[in-house]
Structures are given as structure tokens and as C-alpha cells.
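Data block below; observations after.
Below, read A as the first sequence line, B as the second, and so on, with proteins coming before strands; counting in each chain starts at 1.
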Amino acid sequence: MKHASPVRVVIVSALTIGLLAATVAAFEALSVRSDATLACLSHTSLLMSEVAEIDGFAIDVDKDLPVIDRGSAPGEQPPAYVADYQSGHITGYLSAVAIHGPDRAELDAVASSLSYPIGRLPLVPLEGPIVEHNQGLLEVYVTVRAFKSETGVRSWLSSKSAAFAQSHYAVAPSPDKRIALAITGSLGPDDGLHEHILIYEVTSASSVLELAYQGGSGLSETIVAPETDTAIQRFGQACGPE
Amino acid sequence: MRGSIRILIAVVLAMATSLSPAISRGALAAGQCFDQFNWHAVAASGYANNVVGTAAWTTSWSSWSVPSGAFSNVAVWIYDDSGHYLEGGFYSGAGSNVPWTNGMLPYYTLNNGTTQFNGAGDYLTANASTWIEAHDWTGPYSTYVHVQSFYLYPGTYTMLTPRHNYFQGETSNTSAWMGGGSGETFSALWEDNGSSWHYWGFHNDCADSPYWINSLGSDSWTIGGY
């Protein structure tokens, strides 16, 4: 049986203590990042509370996003934004007129014709007479995605831009310098019965705020400007500067 | 001294273990059948130079739920060995150009799943016999995804040979149902470049708990779980 020499014991002890110290440091660093991320996500989940309170919107989605979209395929490494993703949250707001208004019956009739169960909320994205009769804002989705680094942010924006360009949506830098990417399109045929959509991607050092506005043919940047200003301001306060 | 070292090591390991949930989903890599980022049920078959399409017959969900997860989907794939992938199927929950749906919509992805398009307005009929197909060959409109009566066209997408046949059910969170929860059966085929269809000859399966996949034969299986 071999005995450990005093020198070896000292070396092993030093290495172990070093490892312990490094682990504690990593733990503290992760705790700080985790706390900051949590604060960012929880604060921004309330970004659009004024919309709900003032304009008669109701929350239809309020969910954590533990993973990021589909983004992996057999035999391939996922893109940087998948590997770099930390956590996220989506909050969705649906216009009360879609829930309780005169076109709700038509929405439920469509759902029934598809053999869908009828629940408290109508089928979304909205389509049909509800879109035709309400040309302004009908749905809002606020998503915050937190990444471990700026690499994830850049990868996300690049992927998002390519995906929408492929999908024949209009992708362009916004005149508003706070917005990294502005995307416009139609959720189905542009026939007045399917919602228009306006998506903004706003970045901080390691987070991305996505504002998705859906509504009738009158949906415009001007209409949603107050909500956009509020959201970007609060995102900046909670999640850091660009 | 050895006892002290063991205690120190135990403390380090305990701290590392306690860190896992806070770090990322990467901590869940062990035991995942596909990757550490989402939950899957997978059936992988063979490959050949003359594969132009992969498809499956199934039944769309009669009930579905993504109560605290981001999405649930089922899809067939064809892909080559050079990084080209075409995925086609249907989903509910979070999407790309459709931020959120509580219905079932067809979708496709290209490029390792990163270029995603959701078929807004193309609500699938529930509890209905459903064909899902990913097709890629030369010529205009020959790259498409076909789900129930809906076709999605990504544009020309050059995929090399050989091409693999592959199926995947996927969720973002174990609170989301897969395959309608109680189970969804698939019967898979592949198409050759002479437009003839063939049933898969075999498939290798795996699933991440709590989801499951049960083989029913060389070309068929059932997935489910929540």
C-alpha cells in the first residue's frame, strides 16, 4: 500500500481548493447572470400591461420558453442562437372584441368546422369577419429571449432575417434606430380577412425583445408607436443597453 | 487528509450538481435521444441517391395542449450529408412568422431547422386522416411540403445525394403533449425519382422520457406522452 507524500498531498489540496474556488466563482457569476436574466424576463413580461388595462385586451398567452424554437437537425450542431440560449418568456394579448364581440360566433363556427374544441379563447391567429370589421390592433405578442452572450443575439437576428426573407416577408432596417429589424407581412392571403403582422426585433447586449403586432388592414407603425415606445423603454431599463 | 479531500470533492460535486438547473438545458444532455435542446421521439430509416420525398400517413390530433411549453410538432424530413434539410409537418404553439397559435398549422424548415415558415391561415382539420410529406427534386415548385390539403413552397432548394428518410415528434417542454398525448400512429413511405412510393423497410427509434415511441412494424410506429 502506498502512502501519499506530503508534497503530493499539498499539491492535491491546492488543486482541490483551487477547483473549489473556481467553482464558487462560477456559481456566483452564474447566479448574478441568472438573477439579471430573471429580472429582465419578469419585468418585460409586464411590458404591455397598459394595453390590457386601457384598450380592452386580455392575456391569452403567458408562458416561459425553456428552449428556443425548432433549431436542430439530425447529425448537425445547432446554430449559435440555440446553443447560446438561456431562457425566454412570451406574453400574448388578445383584443376583447375577439373574445366577446359579435364576430366570436363566426370564429367558433370555423373552429367547429375543423372539429376543434371550443374554449374560452377563440382560434388564433384570428381570421375572417373579425379582421374585416376591426382594422386596428387585434393581437400582440411580446417575447423576450435571453442569451448567454452577444453571439446568440447576432445569430438569432441573422437567422430571423434569413427566415423571413425566405418567406417573402418584407425585412428591413427600421428608420427607428432602436429597432434592429422590422418585418411586415400577412398571416395568409392579403385579402382583408387575414391579419397583417408587424414584427420588431430590439436588442440589448445579450437579450432580444420581439414585438409582434397583428391586426386588420389599418395596422401601421403609427398605430402601435405608443406601445412600442413603452416596450423599448422598459426593455432597456430591465435588460441593459444596446 | 484524504478524508478532507473527499469532503472537498463531495462539496464541489454537490455544488456542480446544484448548479445544473440554473445553467442551461445543456445539463439535460445525458439521456436525451437526439439533442439536449428539445424533447423528441425519433424514427430514422435508410438513405439512397434516388430519394426525392419522405412522407407519412397519420391522424391529426383530436386534442392537444401546450399548457406551459412553447410548441409541439410532428414532421418528416429528408436531408443530405452536406447540411441541407427539409422538414415538413404540423404544430401548435409558438412559431416563427406566426408568433402563437392554439390551432394546428402546417410548417416547414430549411437549413438545419433554422429557416422556419408557418402556414398561417391553413388550419388543419382535427382528428382527420393526414398526409405529411417533404419533397425535394429539381424543377420549379418541386420543393414543397404537403400537409392535408395544404402545400407550402420554400422555393428552389438544392439538396445533394444521398438523401435520408427521417421522422421526428418534438416538444419544447415536458408539459406539452406529444402526438395528441394518448398516441399518434404513423405509416411512413419514401418516393423515388420515378415517382413511385415505397414503404420504409426499417426504422431505428428513440424517445426522450416521458415521451415514447413504439414500433408497429418496419414502416410504422406510435408516439405519445405528456
Side-chain angles (χ1 to χ4, degrees), chain A residues 4 9 12-13 16-17 19-20 23-24 26-27 30-31 34 60-61 63-74 76 78-79 82 85-86 90 92 110-111 114-117 119 121 123-125 127 141 143 148 159-160 162-164 166-167 169 185-189 194 197 199 210 212, chain B residues 1-2 4-5 8-9 11-12 15-16 19 22-26 34-35 37-38 42 44 62-63 68-71 73 77 79 81 83 85 87 94-103 109-117 120-128 154-155 164 166 170 172-173:
Chain A
V9 168
V12 170
S13 300
T16 306
I17 292 170
L19 177 61
L20 177 63
T23 305
V24 170
F27 176 77
L30 283 166
S31 295
S34 180
D60 72 331
V61 181
K63 301 176 189 300
D64 289 330
L65 301 174
V67 296
I68 194 164
D69 297 358
R70 288 158 286 273
S72 52
E76 287 283 325
V82 176
Y85 184 70
Q86 274 198 311
I90 181 172
V110 170
L114 297 166
S115 300
Y116 285 11
L121 299 171
L123 187 59
V124 294
E127 62 179 42
Y141 295 92
T143 307
K148 295 172 189 168
S159 173
K160 200 79 176 174
F164 279 98
Q166 173 82 33
S167 308
Y169 279 53
S186 178
L187 295 176
H194 292 82
I197 185 166
I199 300 174
E210 180 176 286
Chain B
M1 179 60 81
R2 279 191 173 180
S4 300
I5 292 172
L8 280 170
I9 292 173
V11 169
V12 169
M15 291 185 70
L19 279 175
I23 296 174
S24 75
R25 282 288 316 285
F34 179 73
D35 68 21
F37 300 104
N38 296 327
V42 166
S62 56
S63 57
S68 60
F71 61 79
N73 70 66
W77 300 56
Y79 67 94
D81 295 321
Y85 299 83
E87 171 191 14
S96 182
N97 54 303
V98 177
W100 181 262
T101 183
N102 52 10
T109 72
L110 302 172
N111 306 325
N112 195 12
T114 59
T115 304
Q116 179 192 150
F117 180 79
D122 297 340
Y123 288 114
L124 302 191
T125 300
N127 197 27
H164 299 251
Y166 183 79
E170 185 179 23
S172 58
N173 185 300

To the closest 0.5 Å, what do you measure between CG (B:Leu124) and OG (A:Ser115)? 12.0 Å
Please list, chain by chain and in numerical order, all residues satisfying side chain to side chain donor-acceptor pair (under 3.5 Å) with B:Thr115, sequence neighbours excluded. B:Asn111
In Å, rounded to the nearest 0.5 Å, how long is the span from CD1 of A:Ile90 to CH2 of B:Trp100? 6.5 Å
The interface call for B:Asn97 against chain A, heavy-atom contacts under 4.5 Å, is both
Does some side-chain heavy atom of B:Gln116 sit less than 4.5 Å from a side-chain heavy atom of A:Ser159? no
Option in A:Ala212, A:Ser186, A:Pro125 with maximal non-hydrogen atom pairs under 4.5 Å from chain B: A:Pro125
Options B:Ala44, B:Ala126, B:Ala128, ranked by heavy-atom pairs under 4.5 Å with chain A, top entry: B:Ala126
B:His164: what forms a ring-ring contact (aromatic ring centres under 6.0 Å, His included) with it, not counting sequence neighbours? B:Tyr47, B:Tyr79
Can you check whether A:Leu114's main-chain N or O pairs, donor with acceptor, with B:Thr125's side chain at less than 3.5 Å? no
Counting only heavy atoms closer than 4.5 Å, note whether A:Ile197 contacts chain B via side chain, backbone, both or neither. side chain
Of the listed A:Leu121, A:Thr143, A:Leu187, the one with the largest count of heavy-atom pairs under 4.5 Å with chain B is A:Leu187
Heavy-atom cut-off 4.5 Å, strictly under: side chain, backbone, both or neither for A:Pro117 against chain B? side chain
Between B:Tyr123 and A:Val124, what is the shortest heavy-atom contact and its length? OH-C, 2.9 Å
